[in-house]
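Within every chain, numbering begins at 1; the chains are lettered A, B, ... in the order of the sequence lines, protein sequences first and strands thereafter. Keep in mind that what you see is a predicted model, and the values were worked out from it rather than measured.
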Amino acid sequence: MSPRPAFQSAPHLGDWVSIDQDGAIVLYSGRVELGQGALTAIRAMAAAELGCQPDVIRLQSARTDLSPNEGPTVGSMSIAQGGYAVRLAAAALREQLLMIAEDLLPAEREALTLKDGIVFHHGEKTELTVGALAHKVDYSPALTEDVKILGKGLVKAMAPRRIGLRERLIGTPFLHDLEPEGLLFGGPIHPPTMTSELVEIDLDALRARPGVVAVIRDGSFLGVVTESSYETARAVRWARNNARWRETATAPDDYMQALAGANEPFKQGFAKGDVEAVQGQRYETKVSRPYLSHASIGPSASLATWQEDNLEVYSHSQSIFDLRDALANVFAMDQEQITVIHHPGAGCYGHNGADDVALDAALLAKAVPGRPVKVVWDREDEFRHEPMGAAMVSHASAILRADGSIAAMSVEVTSPPHANRPGSSGLPNLLAATYLSNKMISPQSQDVPLEIGGGADRNAIPIYAVPNMKVSKRLVHSLPYRTSALRSLGAYCNVYGIETLMDQIALARGEDPIAFRLRHLDDPRARAVIEAVAADSRAIREEDAAEGTGWGIGFARYKNTEGYCAVVAHVQVKDIVRVTDLFAVVDVGETIDKDGVLNQVEGGMVQATSWTLKEAVTVDGTHVQPATWNDYDILRFSEVPRVNVRILDHATEPPVGAGELAQGPTAAAIGNAVRSAIGIVVPNLPISRDAVIKAAMDASND
Amino acid sequence: MVSPVTPKDLKLKVNGIERSIPTDCDTPLLYVLREDFGLKGTRFGCGTGGCGACTVIADGKAVTSCDLPASAFAGQTIETVETLATGGDHPLLTAVLKLQAAQCCYCLPGILMAAKALLDDDPSPTRERIVSALDGNLCRCGAHPRIIRAITEAAAETGGAK
Ligand code: FES
Ligand code: FES
């Protein structure tokens, strides 16, 4: 998919940039900072066009009453779309400033440049400054792609520094830290499952708990407002223990089995050639991953205030405009009566509880008009009530010709939907909205269509040069758990399946897995990252393999249209799998913020290592079980591999995101490394101690 | 809640300042630091000692502050992340800023305090000692490799000058 212009809904120059009364350039980006450093890169792109240092540009944080509506900050599209629009806007502003200067001086346009807020003529300073020209700027023109871009290459050389890093380390940058005058603290008591109803709670007794200012019940929504966050925590705990709920649904004993045996129909998403007609040696693998938690370190939080008929909400949502519309839907208000202001939370890695907690805060604040109410979910809320990353099964098969080339590949994906963001269905899609007395049940999500990147079937189309292919998806709606986007969506599991299948075939043929992949790739950029990662990891691949050690490779092009990433993993297996080293080489087109890309890829690899080795959400019937970190262990410092990432820069290609490149390739590299270490494939993730033992037993029984 | 000083108050020293809390204060130290003392650099992550986001140093040791009442810290000397920037930047802060060893940073204050307790005790720790000192601190963004590098660099700075 080519970078879609993000400026369709915000077409004018003034939607993106302005010059304030001090002569400072102000940037309005609808993108939000999620800890991924996107705004750092986007501001640097503007600075390169305007010939200034990034830090002199003021960044207006995203809010629904001021910022361009760019849609959600998701799918690694911030740089490709948001950055692209900002680059065009900044370049257009520069051209206009120089045109104004051309008239004023007068001087010929070609001799004028802009640097550090001053107009230069033939490299000599003039008296004209951006501040002095500001009043003549016309912000009404529409943005066009027909403007000269100076910044390519410049931005990378600028090596922008992360915005606000110091404040994030020792200051109070988070939503959790907001403390406006008159602040009260709210806490929801969520029904224990998506399918239970509140039967009974002694509201008077709850009201009498220490510090309680207000108690709210609406349908099965229950909440308290108190004077301090600890009083809220205690009141919530009391209410959880004293409320009676009725469960209205049942769940299968084993959700993975239920998924694997689902009988909803498969829908074909992509096909070329005729897979059915191909004859030859058949290989296949069926891999799966369990439900995963976003497991943000900082729980979801929001702050809401009602002033008469207006609602103001601070949120770390990825989609503040959709959240505003969803809230308007719940409260039957006009969009203009609601302002959603983005304020940082902890890293979210997809659609977590950020939007849901905003509705909780708005519902609770309604009971105390004029007073701001802050809601910070507790850890149990965060694990049990956020939308999880969907469990899924990916079944990949290939048919080999006698000459050893792959003639056909098919991938069949079975999964609950990976998309359930607010507003995406015309209904709010917010947790509490589903159990207010005026229930607003979200319709079944149809997942993300393959044409715009796919959801469960993201990266299900094998990237290899194979003449016959078929990809189909079976969406399962029968499991009583809430799922939505988790970093890379279905790509993680689909790449695990396809890439472990590639190794399975190469091994069966006695062929080197790297050479086997290269033989099936004609895209030079794909070949380049694989060759580069092979070179970077050569020493470790060629060292004498000690007992129980091995290496493996994994490769993908994210969404088949975005960045390229090849990973080599080295593992040591003794009861448990330890990943000792990871190497990655990526190609994200034009590199805007080199350190930002490295940081995103490293982080993605570490997170994927955690998913791959350790993580699974356990359920008990309809209950999502984890309540504390004891119930959901993630990778710890002592388990983190050495990580080595290199970028192949392609300044002439459009820049694309880096945050979701590495998940699938990392999982596949680890899976393949485990096979080379102990001769066993573990198809069902995670590759935990138990899974290794079980796979070994299955293998010896064969 | 912290009420006006009474003779029965317990004392603790926080970042060099004497503070008092009522003897019966059962509120965990974390909430008292954030909401009563205005020291909001220390973060709430889980409230059950499981993530390390709330780590502070008490009498020289890194401890979680979310799961013990403030009264349990009576008589102790507490250091929070804010001290890393008082009277010049601590080498740990300098190194993390220089290497941009963070993503969302929510975990970082707790990690910095665990690392400071380590460096105070062992100015030139091995990688093994660093990762074992940080094993109670979770980071979901996967900034670990950079954080380990930053601590190693800070150790080289402080090495010997305990
Ligand atoms: S908040 Fe204290 S350990 Fe998690
Ligand atoms: S940097 Fe985000 S949790 Fe560590």
Side-chain angles (χ1 to χ4, degrees), chain A residues 33-37 161-162 165-174 176-177 179 211 227-231 233 294-299 344-349 376 378-379 382 595-596 599-600 602-610 627-630 634-643, chain B residues 1 26-28 30-32 34-36 38 40-41 43-53 80-85 89 93 96-97 99-112 114 127-128 130-148:
Chain A
E33 181 55 55
L34 308 168
Q36 85 286 39
R161 307 292 299 170
R162 267 288 299 281
L165 189 52
R166 186 184 179 85
E167 172 70 5
R168 281 178 177 252
L169 295 172
I170 50 163
T172 53
F174 293 110
H176 312 68
D177 306 326
E179 206 177 66
E227 299 277 358
S228 79
S229 57
Y230 190 55
E231 285 163 340
H294 295 86
S296 178
I297 301 298
C348 65
Y349 330 107
V376 178
D378 63 17
R379 184 47 53 188
E382 195 67 24
D595 192 63
N599 202 352
Q600 279 300 298
E602 288 165 20
M605 293 163 81
V606 171
Q607 192 175 79
T609 304
S610 184
T628 72
W629 288 107
N630 288 334
I634 64 173
L635 204 71
R636 289 173 184 273
F637 267 93
S638 59
E639 300 165 322
V640 166
R642 283 181 291 262
V643 175
Chain B
M1 285 270 87
D26 62 351
T27 307
L30 171 66
Y31 297 82
V32 174
R34 286 181 60 86
E35 276 159 47
D36 297 312
K40 290 198 254 169
R43 316 254 179 253
F44 169 81
C46 68
T48 55
C51 73
T80 68
V81 70
E82 284 85 358
T83 58
L84 298 182
D89 284 357
L93 182 57
V96 169
L97 286 168
L99 301 180
Q100 310 205 91
Q103 285 190 27
C104 78
C105 297
Y106 202 90
C107 63
L108 254 299
I111 288 176
L112 286 169
R127 188 185 195 273
E128 280 57 47
I130 294 174
V131 298
S132 88
L134 297 184
D135 237 23
N137 291 83
L138 303 178
C139 170
R140 185 52 157 172
C141 294
H144 311 70
R146 288 172 173 239
I147 292 170
I148 297 169

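Within the 4.5 angstrom heavy-atom criterion, only side-chain atoms of B:Thr48, from C-beta onward, approach chain A. Within the 4.5 angstrom heavy-atom criterion, no atom of B:Ile130 approaches chain A. A:Phe174 touches chain B through its side chain: at least one heavy atom from C-beta onward sits under 4.5 Å away, while N, CA, C and O do not. In this structure, no portion of A:Thr609 lies under 4.5 Å from any heavy atom of chain B. No part of B:Leu30 comes within reach of chain A, as not one of its non-hydrogen atoms sits under 4.5 angstrom from that chain.
Partner B:Leu108 forms a side chain to side chain contact (heavy atoms under 4.5 Å, CB included) with one of A:Leu169, A:Ile170, A:Leu165, A:Ile297 and no other, that one being A:Leu169.
Contact tally against chain B (heavy-atom pairs below 4.5 Å) for A:Gly603, A:Pro173, A:Ser610, A:Pro641: the top residue is A:Gly603. Here A:Val640 is the residue among A:Thr172, A:Asn630, A:Val640, A:Asp378 with the most heavy-atom pairs under 4.5 Å with chain B. Taking A:Val643, A:Thr628, A:Asp177, A:Val606 one by one and counting their heavy-atom pairs under 4.5 Å with chain B, the maximum is reached by A:Asp177. Taking A:His294, A:Glu602, A:Glu382 one by one and counting their heavy-atom pairs under 4.5 Å with chain B, the maximum is reached by A:Glu602. Heavy-atom pairs under 4.5 Å with chain A peak, among B:Pro109, B:Pro28, B:Ala85, at B:Pro28. When B:Leu134, B:Ile147, B:Val81 are compared by the number of non-hydrogen pairs under 4.5 Å with chain A, B:Leu134 comes out ahead.
Atom CZ of B:Arg127 is separated from atom CZ of A:Arg642 by 6.5 Å, given to the nearest 0.5 angstrom. One distance of note links CZ of B:Phe44 with CZ of A:Arg379; it measures 7.5 Å at 0.5 Å rounding. One distance of note links CZ of A:Arg166 with SG of B:Cys105; it measures 12.5 Å at 0.5 Å rounding. Atom CZ in A:Arg162 sits 11.0 Å away from atom CG in B:Leu97 (nearest 0.5 Å).
Contact record, B:Cys51 with A:Trp629: CB-NE1, 3.5 Å, taken as the closest heavy-atom pair. Residues B:Cys141 and A:Gly347 share a closest heavy-atom pair of SG-CA, 4.4 Å. Looking at every heavy atom in both residues, A:Phe637 comes nearest to B:Asp135 through N-OD1, 3.3 Å. Here the shortest heavy-atom pairing between B:Ala102 and A:Asn599 reads O-ND2, 3.0 Å. Here the closest non-hydrogen pair linking A:Gly298 and B:Tyr106 is CA-CE2, 3.3 Å. When all heavy atoms of A:Pro299 and B:Gly45 are compared, the pair lying nearest together is CD-O, 3.7 Å.
Side-chain contact check for A:Ser228 and B:Glu35: no donor-acceptor pair (N or O, by modelled atom type) lies under 3.5 Å.
A:Leu635 places none of its side-chain heavy atoms less than 4.5 Å from the side chain of B:His144. Between A:His176 and B:Lys40 there is no side-chain heavy-atom pair separated by less than 4.5 Å. Inter-residue side-chain proximity for A:Tyr349 and B:Arg140 is flagged as met; some heavy-atom pair is nearer than 4.5 Å.
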